[in-house]
Number of protein chains: 2
Amino acid sequence: MGNGIVDDVDRALIAELQRDATQAYATLGKVVGLSAGAAHDRVRKLRERGVIRRTTVDVDPTALGRGVLAFVMVDSSAWMGDATESFAAIPEIQEAHIIAGTASVLVKVRTATTEQLQDVLRRLYLIEGVSGTQATVVLETFFERPVRAD
Amino acid sequence: MGNGIVDDVDRALIAELQRDATQAYATLGKVVGLSAGAAHDRVRKLRERGVIRRTTVDVDPTALGRGVLAFVMVDSSAWMGDATESFAAIPEIQEAHIIAGTASVLVKVRTATTEQLQDVLRRLYLIEGVSGTQATVVLETFFERPVRAD
DNA sequence: AGATCACACCGAACGGCATTCAGCCACCCT
DNA sequence: AGGGTGGCTGAATGCCGTTCGGTGTGATCT
């Protein structure tokens, strides 16, 4: 998995697709100096190799009623390495990472209201080994952008 | 902007598109019980309203040489509300948020190595008003998924 | 009630684009 | 030199995005 090299043309293609994945392969190819067929071939291989995981849409969280964003440091009294499913089972959690430092897990949470955020914290405490949480509410998001490709 | 209501069908369409934005509108319509034309119409309106911001691709950060992920709490001695551009100018920063609490800004950083992470911290200190940083390195990512649509 | 309007959907038609493929070229390995 | 591999071009084909006329429904106004 993940084999093969990602060259400059691949990176340019990825950057273009991140910007707008709906554009035609002919357009895409022109940007990097390739025919439509060649561009298509490269993108197909990038997908096969798992470099491009999927094509998706970016949505406005507020429009979906997920206007409250918070990061929560989760303290634990036990090894949390196998707790993926426990965190994934809470749908309001958008990301979960094991971290180095005093806390052991960092999660990114989106809810409609702060009351719902509180309820997520309650459900976090129900996870085996969780001994504490420290929530940080986001007041304003400067930006959220794709992984840098170039 | 952001006008109009997002009903259950819209949410189902968004959820499908988040899962796979390459599928045909006929398929998409079938999932929610709509014709291809109607599905296309709803998605077009969701785009116009800004509910769907863009169509993009999800990439594997490791494959692009961005294997190191860290969250950095940035302390400041001044008002940081207008510092968007300063943070955006550092390409390794993927997200930047103003937060409530002792720190004032939280940023998500992706680099190839921890040396490069250190260099990002150095550049953060160059931003006017930044008085300190506290970096938390991610050891393992459980998951990162789209905003919940349903 | 009846008339008018707005809105959402369907189904068909058109044209463009994704996808495939044969042929070609450059490079590497033996 | 010869054969194999990988990547590219350009063209052909068929599917799909996109548009549009027509219909049904519910709301508003007279």
Side-chain angles (χ1 to χ4, degrees), chain A residues 1-60 62-65 146-150, chain B residues 1-66 146-150:
Chain A
M1 165 181 42
N3 230 6
I5 197 176
V6 179
D7 65 15
D8 290 342
V9 175
D10 288 333
R11 288 177 187 271
L13 285 170
I14 291 170
E16 268 309 301
L17 286 173
Q18 283 177 329
R19 203 174 56 74
D20 177 13
T22 66
Q23 60 191 308
Y25 280 104
T27 314
L28 207 53
K30 211 166 298 181
V31 173
V32 301
L34 242 48
S35 72
H40 182 269
D41 213 52
R42 283 189 163 235
V43 172
R44 183 182 52 75
K45 283 172 186 164
L46 286 170
R47 281 187 218 276
E48 275 175 3
R49 281 192 267 157
V51 178
I52 295 177
R53 288 171 166 157
R54 64 172 162 180
T55 303
T56 185
V57 290
D58 233 30
V59 304
D60 177 9
T62 306
L64 293 183
V147 180
R148 187 151 185 256
D150 58 9
Chain B
M1 167 181 42
N3 230 5
I5 198 175
V6 180
D7 65 16
D8 290 343
V9 176
D10 289 332
R11 287 177 187 271
L13 285 171
I14 291 171
E16 270 306 303
L17 286 173
Q18 283 177 329
R19 202 174 57 74
D20 177 12
T22 67
Q23 60 191 308
Y25 281 104
T27 314
L28 206 53
K30 211 167 296 180
V31 172
V32 301
L34 243 47
S35 72
H40 182 269
D41 214 53
R42 290 184 88 116
V43 173
R44 184 181 53 76
K45 284 172 186 164
L46 286 170
R47 281 187 217 276
E48 275 174 4
R49 281 192 267 156
V51 177
I52 295 177
R53 288 171 167 157
R54 63 172 163 181
T55 303
T56 185
V57 290
D58 233 30
V59 304
D60 177 9
T62 306
L64 293 183
R66 301 283 134 82
V147 180
R148 187 152 186 257
D150 57 10

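Quick note on labels: first sequence line is chain A, next is B, and so on, each numbered from 1. What you see is a predicted model; the values in this text were computed from it and never measured.
Between the side chains of A:T22 and B:R54, no donor-acceptor pair is found at a separation under 3.5 Å.
Contacts with DNA chain D (heavy atom under 4.0 Å) in residues 9-29 of chain B: B:Q23, B:A24, B:Y25, listed by number.
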Could I get a table of every N or O pair under 3.5 Å where one atom is in the protein and the other is in nucleotides 27-29 of chain C?
none

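In this structure, the separation between CG on B:L28 and CG on B:L13 is 5.0 Å, given to the nearest 0.5 Å. The CZ atom of B:R49 sits 10.5 Å away from the CZ atom of B:R44 when rounded to the nearest 0.5 Å.
In plain terms, the two heavy atoms of A:V32 and A:A12 that are nearest each other are CG1-CB, 3.6 Å. Of all the heavy atoms in A:A149 and A:I14, the pair that sits closest is CB-CG2, 3.8 Å.
As judged by a 4.0 angstrom heavy-atom cut-off over every strand, A:R44 is placed among residues making no nucleic acid contact.
Counting only heavy atoms from C-beta outward, the side chains of A:R53 and B:V59 never approach each other to under 4.5 Å. Residues A:D20 and A:E16 form no side-chain contact, since every pair of their non-hydrogen atoms from C-beta on lies 4.5 Å or further apart.
Regarding B:D41, its CG atom lies at a distance of 19 Å from the P atom of D:dT23, rounded to whole Å. Atom pair A:K30:NZ and D:dC8:C1' shows a separation of 17 Å (rounding to whole Å applied). Here the P atom of nucleotide D:dG7 and the CG atom of A:L34 are 11 Å apart, to the nearest Å. One interatomic measurement links the two molecules: NE2 of A:H40 to P of D:dA11, which rounds to 18 Å at whole-angstrom precision.
Taking side-chain N and O atoms only, A:K45 has no distance below 4.0 Å to OP1 or OP2 of D:dG6.
Taking the side chain of B:R42 as heavy atoms from C-beta on, and the options D:dG7, C:dC9, C:dA8, the nearest nucleotide is C:dC9.
For residues 22-63 of chain B, the set of pairs meeting the ring-ring contact (aromatic ring centres under 6.0 Å, His included) definition, not counting sequence neighbours, comprises B:Y25-B:H40.
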